[in-house]
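What follows is one structure encoded as structure tokens, with my remarks underneath.
This chain uses plain numbering: 1 for the first residue, then up along the sequence.
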Amino acid sequence: MSSFLLEVCRALSQASVTYAIAGGVAVALHGAVRGTVDLDLVVTLDEQNLTRLEQALHRLGLVSRIPINAKELAQFRLEFIEKRNLEAWSFVDPSNPRKLVDIIVTEDLSKLKTDLVDVGGFTLPVLSRNSLIAMKSRSGRPQDLADIKMLEKLRKND
């Protein structure tokens, strides 16, 4: 697993951020063959958690790709989603654009279930298969539909 993933997860844990890995990385951590560039996270969307998240990512040298901060996101999240089609609050390393973290703002971790997955001696919070399937069903994108098929197949093989 990538050192960037572990670096981000370590920083978020040290900052007491409530988060879980989502997206393609979560699908891969559940056992499916899946390539992805970005790291998708789902977090608890209260202002304190978002502030800790923002500070932790800044300490890693990541900057927001859009001109908002944690306080604004907490206050205007629904408006950003409805009027600006915001789905993710993206952070990137300006010197290495492959280091990209997307915070999925359309989902609140407090409404989802997680699993703990061991990755190279580190225990990481990952959205459960059922939560991933539900989240990906709402998006309806072709890649998400393919992910659902893989996750359901894995579930049947357990």
Side-chain angles (χ1 to χ4, degrees), residues 1-9 11-12 17-47 49-50 53-54 56-57 60 62-70 72-94 96-119 124-158:
M1 198 50 53
S2 85
S3 62
F4 179 63
L5 168 65
L6 295 177
E7 180 183 9
V8 170
C9 292
L12 297 180
V17 174
T18 305
Y19 76 98
I21 299 165
V25 173
V27 172
L29 290 172
H30 279 293
V33 177
R34 172 73 152 79
T36 187
V37 176
D38 63 338
L39 172 58
D40 295 326
L41 301 175
V42 177
V43 302
T44 304
L45 293 168
D46 64 83
E47 185 177 335
N49 198 57
L50 290 169
L53 166 80
E54 181 179 38
L57 294 177
L60 293 175
L62 304 175
V63 296
S64 177
R65 293 175 68 178
I66 58 175
I68 64 170
N69 61 39
E72 293 165 334
L73 180 61
Q75 187 174 0
F76 300 110
R77 183 179 67 88
L78 294 177
E79 181 179 328
F80 290 160
I81 292 168
E82 293 169 8
K83 295 185 179 173
R84 299 182 188 181
N85 298 316
L86 183 67
E87 293 181 17
W89 184 23
S90 298
F91 287 81
V92 66
D93 181 338
N96 184 353
R98 290 178 298 163
K99 291 185 174 184
L100 176 66
V101 177
D102 285 333
I103 309 306
I104 308 302
V105 299
T106 55
E107 302 285 342
D108 190 327
L109 181 58
S110 66
K111 297 178 174 86
L112 300 168
K113 297 202 180 310
T114 61
D115 292 328
L116 296 176
V117 176
D118 182 66
V119 178
L124 304 179
V126 178
L127 282 185
S128 71
R129 286 184 189 158
N130 288 339
S131 287
L132 273 170
I133 289 169
M135 190 172 121
K136 288 177 170 291
S137 295
R138 288 189 287 276
S139 93
R141 296 179 309 185
Q143 181 61 60
D144 289 329
L145 297 176
D147 287 345
I148 290 169
K149 286 181 183 177
M150 287 190 287
L151 289 166
E152 287 175 340
K153 185 176 180 181
L154 287 168
R155 190 168 50 190
K156 288 177 187 174
N157 292 336
D158 282 347

Closest contact, heavy atoms only, P94 versus V63: CG-CG2, 3.7 Å
Taking every non-hydrogen atom, the tightest pair across A11 and A56: O-CB, 3.9 Å
Spell out, as yes or no, whether a donor-acceptor pair under 3.5 Å connects the side chain of [X] to the backbone of [Y].
X: E72; Y: N69; answer: yes
X: N96; Y: R98; answer: yes
X: E54; Y: A70; answer: yes

Can you tell me how far [atom2] of [Y] sits from [atom1] of [X], rounded to the nearest 0.5 angstrom?
X: L60; Y: F91; atom1: CG; atom2: CZ; value: 11.0 Å
X: L116; Y: T114; atom1: CG; atom2: OG1; value: 6.0 Å
X: L39; Y: K99; atom1: CG; atom2: NZ; value: 12.5 Å
X: E152; Y: N130; atom1: CD; atom2: CG; value: 9.5 Å
X: I148; Y: R129; atom1: CD1; atom2: CZ; value: 14.0 Å
X: L132; Y: M150; atom1: CG; atom2: CE; value: 11.0 Å

Apply side chain to side chain contact (heavy atoms under 4.5 Å, CB included) to residues D40 and V25 and explain how you reach the verdict. CA-CA 7 Å; D40 295 326; V25 173; over 6 Å; no
Is there a side-chain contact between [X] and [Y] (heavy atoms, below 4.5 Å)?
X: L127; Y: L109; value: yes
X: V105; Y: F80; value: no
X: V42; Y: M135; value: yes
X: L53; Y: W89; value: yes
X: L41; Y: V17; value: no
X: V8; Y: L57; value: yes
X: S110; Y: T18; value: no
X: V101; Y: F4; value: yes

We want to know whether T44 and N49 form a side-chain donor-acceptor pair, criterion being a heavy-atom distance below 3.5 angstrom. no
Would you check if there is a donor-acceptor pair between the side chains of D115 and S128 at a distance under 3.5 Å? no
Decide if atom CZ of R77 counts as having more than 12 heavy atoms of other residues, nucleotides or ligands within a radius under 6.0 Å. yes
Before giving the answer on side chain to side chain contact (heavy atoms under 4.5 Å, CB included), spell out for S90 and L100 the whole-Å C-alpha distance, their side-chain angles and the decisive distance to 0.1 Å. CA-CA 7 Å; S90 298; L100 176 66; 4.2 Å; yes
Applying side chain to side chain contact (heavy atoms under 4.5 Å, CB included), run through L6 and L124 and close with a yes or a no. CA-CA 9 Å; L6 295 177; L124 304 179; 4.0 Å; yes
Do L73 and L86 pass the side chain to side chain contact (heavy atoms under 4.5 Å, CB included) test, and can you show the C-alpha distance, the side-chain angles, and the key distance before you say yes or no? CA-CA 10 Å; L73 180 61; L86 183 67; 4.1 Å; yes
